[in-house]
Amino acid sequence: MRIVLVGPPGAGKGTQAAYLAKNLSIPHISTGDLFRANISQGTDLGKRARAFMDAGQLVPDEVTIGMAKDRMAQPDAVGGFLLDGFPRNVGQAEALDGMLRDEGVALDAVLDLEVPEDEVVKRIAGRRICRNDSAHVFHVTYNPPKTEGVCDVCGGELYQRDDDSEETVRTRLEVYHTQTEPIIDYYRTQGLVVTISALGKVTEVTDRAMEALEKSEG
Ligand SMILES: [Zn+2]
């Protein structure tokens, strides 16, 4: 299957993408991984991306599109893939359509993870990270440490990342609404959008997604 996963920050998109890709035996292609791989391997696209990032500028679509194109041409992605973070605007979606058309293939579904906005803010703004190890993650409501402000694992101090502040989350949501949500409408005209609720346990959401994808295949 060829799938695009979309959803606002805080929808648990990365986690779902990993589970779904495993269940469907297709590679999980995330924009974050594409950037890291191209930069660490020193590809031309990686160097170009790096220059923009170092200058504090957004990486232009053509660079991101180039990386996605290279990755989708790898043998493991020929039979299908799950895209996470790409396309992130209508221009990139049109470019992706063009790439697939050139290969004589098409997307099977666009899986849209839906979370109420207040829930997104609650999920992200409640996150607390350990100063000793960023893998020690807690949540003031959903996964509170035994002692407030103290890591259960190592006793380190817990803090809120700047990225996770309510103000930053609201800004990220605004960017999502203006830039990424229009691709849902774009794909809706192609009859590809499958919307599911991203509320509940991780495994429940994965089951819901698998069921919805099976139905969409008819
Ligand atoms: Zn810790």
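What you see below is based on every heavy atom in this structure, not just the backbone, and it leaves out hydrogens, waters and symmetry mates. Counting starts at 1 for both ligands and their atoms, following the listed order.
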Can you pull the salt bridge (charged side-chain N to carboxylate O under 4.0 Å, His left out) pairs that have at least one residue in residues 134-160, sequence neighbours excluded? Arg131-Glu157
Distance filter under 2.8 Å, centred on the Zn ion (ligand 1) - protein N, O or S atoms that pass it: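 Near the Zn ion (ligand 1), the protein supplies Cys130 SG, His136 ND1, Cys151 SG, Cys154 SG.
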Of all residues at least two apart in sequence or in a different chain, which pass the salt bridge (charged side-chain N to carboxylate O under 4.0 Å, His left out) check with Arg71?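 Arg71 satisfies salt bridge (charged side-chain N to carboxylate O under 4.0 Å, His left out) with Asp76 only.
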With side chains defined as the heavy atoms from C-beta onward, is the minimum distance between Leu107 and Leu96 less than 4.5 Å? yes
Taking Ile129 as the fixed residue, which of Arg161, Gln160, His136 is the one that meets the side-chain contact (heavy atoms from CB on, under 4.5 Å) rule? Arg161
Output all residues satisfying side-chain contact (heavy atoms from CB on, under 4.5 Å) with Gln41, sequence neighbours left out; order by chain, then residue number.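 Gln41: side-chain contact (heavy atoms from CB on, under 4.5 Å) contacts with Ala37, Thr43.
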Quick one: do Ile124 and Arg127 satisfy side chain to side chain contact (heavy atoms under 4.5 Å, CB included)? Show the steps, please. CA-CA 5 Å; Ile124 299 179; Arg127 224 183 257 161; 4.0 Å; yes
